[in-house]
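First the proteins, then the strands, lettered A, B, ... as listed; each starts at 1.
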There are 2 protein chains.
Amino acid sequence: MQTRPKRILIADDEPDILEIIEYNLTREGYDVYTAKDGNEAIERAKQLNPDLIILDIMMPKKTGIEVCQVLRSQTLFQDTLIIFLTALNDEMSQIKGLETGADDYVSKPISPKVLISRVTALFRRINKEEGKSLSIGNIGIDPARFMVTVDNKDVVLAKKEFELLYLLASKPGRVFLRNEILSQVWGTDIIVGDRTIDVHIRKIRQKLGLDCITTVKGVGYKFEL
Amino acid sequence: MQTRPKRILIADDEPDILEIIEYNLTREGYDVYTAKDGNEAIERAKQLNPDLIILDIMMPKKTGIEVCQVLRSQTLFQDTLIIFLTALNDEMSQIKGLETGADDYVSKPISPKVLISRVTALFRRINKEEGKSLSIGNIGIDPARFMVTVDNKDVVLAKKEFELLYLLASKPGRVFLRNEILSQVWGTDIIVGDRTIDVHIRKIRQKLGLDCITTVKGVGYKFEL
DNA sequence: TTTGCATGGTAACAATATGTTTACACAAAA
DNA sequence: TTTTGTGTAAACATATTGTTACCATGCAAA
């Protein structure tokens, strides 16, 4: 299924950074557009309706955070992906503290490889959410409605629970290592204990009322009826 | 599928940092080596051929960036992973870091947890080589599912059992010495008794219900139908 | 605001699967 | 026969996971 190239808007006031990112993302097959300050970012976002916006925090006219807030207040950009570029650690913590509605953060200095991997990861995540519902045996998983059904009866899962189940069910039978699960569901930077996975697995098993998740000791978990 | 421990070279002129990183990564099971300036880093890299090099930017003799450039110019280090350690706000090194082809960066002050998570993430990304499934006669061995099938019936093996079987089956007919088996499945550091292999072999034979592993007395074992 | 609830993370402990060693029987070779 | 190596079962130790309870947080309703 061939889709149109994803449109990416980058806003940063440093031409070097802009150029490097543009070069790398273009090479990956994206349609890349640029803006060099906050106001231009908003303006171009409106005319381009990009799939992803990469915002530097420190920009003239409007900061990335302000841009994000402006955009998020409009329904058009409700689902647009936004990545923040941050230079400083305290910026990072500041952002994370705030409810900014960004989908990811990348700190400077930017490694093109890391950025690309984050971008593709984000698009992949979105594709999954848009992907049609999974149906394995008597279990239905509908990312669009964020719902799971067992024997056509609705089961309500919390966010993390759902994401975890969806990940496992996306490749039934395949074993997911604990590491894989952590980075896919929790992200690479977030550090949580090992027991966390167990607890969520348990909750899923409990709520679904059937044993569709198999433990592979010393390795990970897999979805299996 | 125990692979040899990944080799990591850390270069930093601050002994404290070096020690903290070394301690944490060693505890994670990596083989860790250190260097305290740029020249030593290059030298040790050449003799060790590490899988990952962690370079502080600010070092005597040669900066991390220079080290990176030197190494990257050689085909041997073309695919070696490189992580930069950067102090905050170091704009210059940021820009140059981008051009030198580092795979990731971690900013100081260093959180061991974050560093470890980045390191494992990097290795995982590189490790796309998931073992291939084997199929010998009526036996199927699928590392992705961590499953063995005999006549299309699933057989559940424990981790070590699976790894052992996978090793033997990877080269049917070939005899693996007890030493080889130990180092491949258990690793070089771990010391276990001789009977341990026997016991696992026995469990595999038992679970598979057929004799596909042949004993070569005084030598080792081989997989054979 | 306060309250209550849902969520998610963690610690502590229990339960269980797995791995290792021991001990000994047996078979083959010297 | 003696020696050496291997198979087997059971005991033991350990690692891994399951489970529960508790706390912090955020959010929504009152």
Side-chain angles (χ1 to χ4, degrees), chain A residues 93 96-101 146-148 154-168 175-179 181-182 184-187 189-222, chain B residues 1-2 27-29 113 117 146-148 155-168 175-179 181-187 189-222:
Chain A
S93 49
K96 289 192 171 173
L98 295 173
E99 184 50 39
T100 49
F146 212 81
M147 279 256 77
V148 175
D154 282 352
V155 176
V156 180
L157 294 188
K159 192 177 165 216
K160 282 276 187 291
E161 292 161 12
F162 185 89
E163 288 172 357
L164 179 45
L165 175 63
Y166 191 78
L167 173 67
L168 295 179
V175 177
F176 288 83
L177 312 181
R178 295 179 95 88
N179 273 342
I181 294 173
L182 278 180
Q184 294 281 328
V185 178
W186 274 267
D189 288 340
I190 291 89
I191 317 292
V192 296
D194 249 16
R195 296 274 67 69
T196 301
I197 297 182
D198 302 12
V199 172
H200 284 265
I201 292 283
R202 170 168 188 327
K203 285 179 182 166
I204 294 171
R205 284 171 171 159
Q206 201 168 266
K207 287 189 179 178
L208 293 192
L210 40 77
D211 194 30
C212 55
I213 297 176
T214 306
T215 305
V216 184
K217 274 210 164 191
V219 185
Y221 295 92
K222 63 179 169 179
Chain B
M1 290 145 291
Q2 172 92 11
R27 216 179 38 172
E28 290 292 311
K113 284 189 173 185
S117 136
F146 213 85
M147 281 255 74
V148 175
V155 176
V156 179
L157 294 188
K159 194 182 169 206
K160 281 274 189 295
E161 293 161 12
F162 185 89
E163 289 172 358
L164 178 47
L165 176 62
Y166 189 79
L167 173 67
L168 296 179
V175 178
F176 287 83
L177 312 180
R178 296 179 93 91
N179 277 340
I181 295 174
L182 278 180
S183 65
Q184 294 282 327
V185 177
W186 274 266
D189 304 331
I190 293 90
I191 299 153
V192 295
D194 247 18
R195 296 277 67 72
T196 302
I197 297 182
D198 302 11
V199 172
H200 280 86
I201 293 283
R202 166 168 163 51
K203 284 180 183 165
I204 294 171
R205 284 171 170 160
Q206 201 168 269
K207 287 189 179 178
L208 294 192
L210 42 76
D211 194 31
C212 55
I213 298 176
T214 308
T215 305
V216 184
K217 277 207 160 192
V219 186
Y221 296 91
K222 65 178 171 179

### Euclidean distance, atom CD of residue B:Q206 to atom P of C:dG19 [Å, nearest integer]
14 Å
### Task
Could you pull out all residues at least two apart from B:L177 that satisfy side chain to side chain contact (heavy atoms under 4.5 Å, CB included)?
B:E180, B:V219
### Message
Tell me every residue that passes side-chain hydrogen bond (donor to acceptor under 3.5 Å, both in side chains) with B:K222, counting only those two or more places apart in sequence or in another chain.
### Response
B:E224
### Rounded distance in Å - CG (B:L157) to C1' (C:dT18)
13 Å
### Message
Taking side chain to side chain contact (heavy atoms under 4.5 Å, CB included) as the definition, give me every residue that meets it alongside B:L182, ordered by chain and number, with sequence neighbours left out.
### Response
B:W186, B:V192, B:I197
### Message
Please enumerate all residues that pass side chain to side chain contact (heavy atoms under 4.5 Å, CB included) together with A:K207, with sequence neighbours excluded.
### Response
A:V155, A:L157, A:E161
### Message
In whole Å, I'd like the distance from the CZ atom of A:R178 to the C1' atom of D:dG18.
### Response
11 Å
### Query
Quick one: A:F162 CZ to C:dT7 P, roughly how many Å, whole number?
14 Å
### Message
Taking side chain to side chain contact (heavy atoms under 4.5 Å, CB included) as the criterion, tell me which of B:V148, B:V156, B:L167, B:V185 meets it with B:F162.
### Response
B:V148
### Task
Can you tell me the distance, in whole Å, between the CZ atom of A:F146 and the P atom of C:dA6?
16 Å
### Query
Within the structure, does a side-chain N or O atom of A:T215 lie under 4.0 Å from either OP1 or OP2 of D:dG18?
yes
### Query
Over how many whole Å does the gap from A:D198 atom CG to D:dA15 atom C1' extend?
13 Å
### Query
Which whole-number value in Å describes the distance from A:E163 CD to C:dG9 P?
10 Å
### Task
Would you kindly give the CD1-to-C1' distance between A:I201 and C:dG8, to the nearest whole Å?
15 Å
### Message
Within the 4.0 Å heavy-atom criterion, would you say A:Y221 contacts the bases, only the backbone, or no part of the nucleic acid?
### Response
sugar-phosphate
### Task
Take nucleotides 20-30 of chain C nucleotide by nucleotide from the 5' end and write B, S or -, depending on whether a protein heavy atom sits under 4.0 Å from the base, only from the sugar-phosphate, or from neither.
BBBB----S--
### Query
Taking only residues two or more places apart in sequence, or in another chain, which ones meet B:D198 in a salt bridge (charged side-chain N to carboxylate O under 4.0 Å, His left out)?
B:R178, B:R195
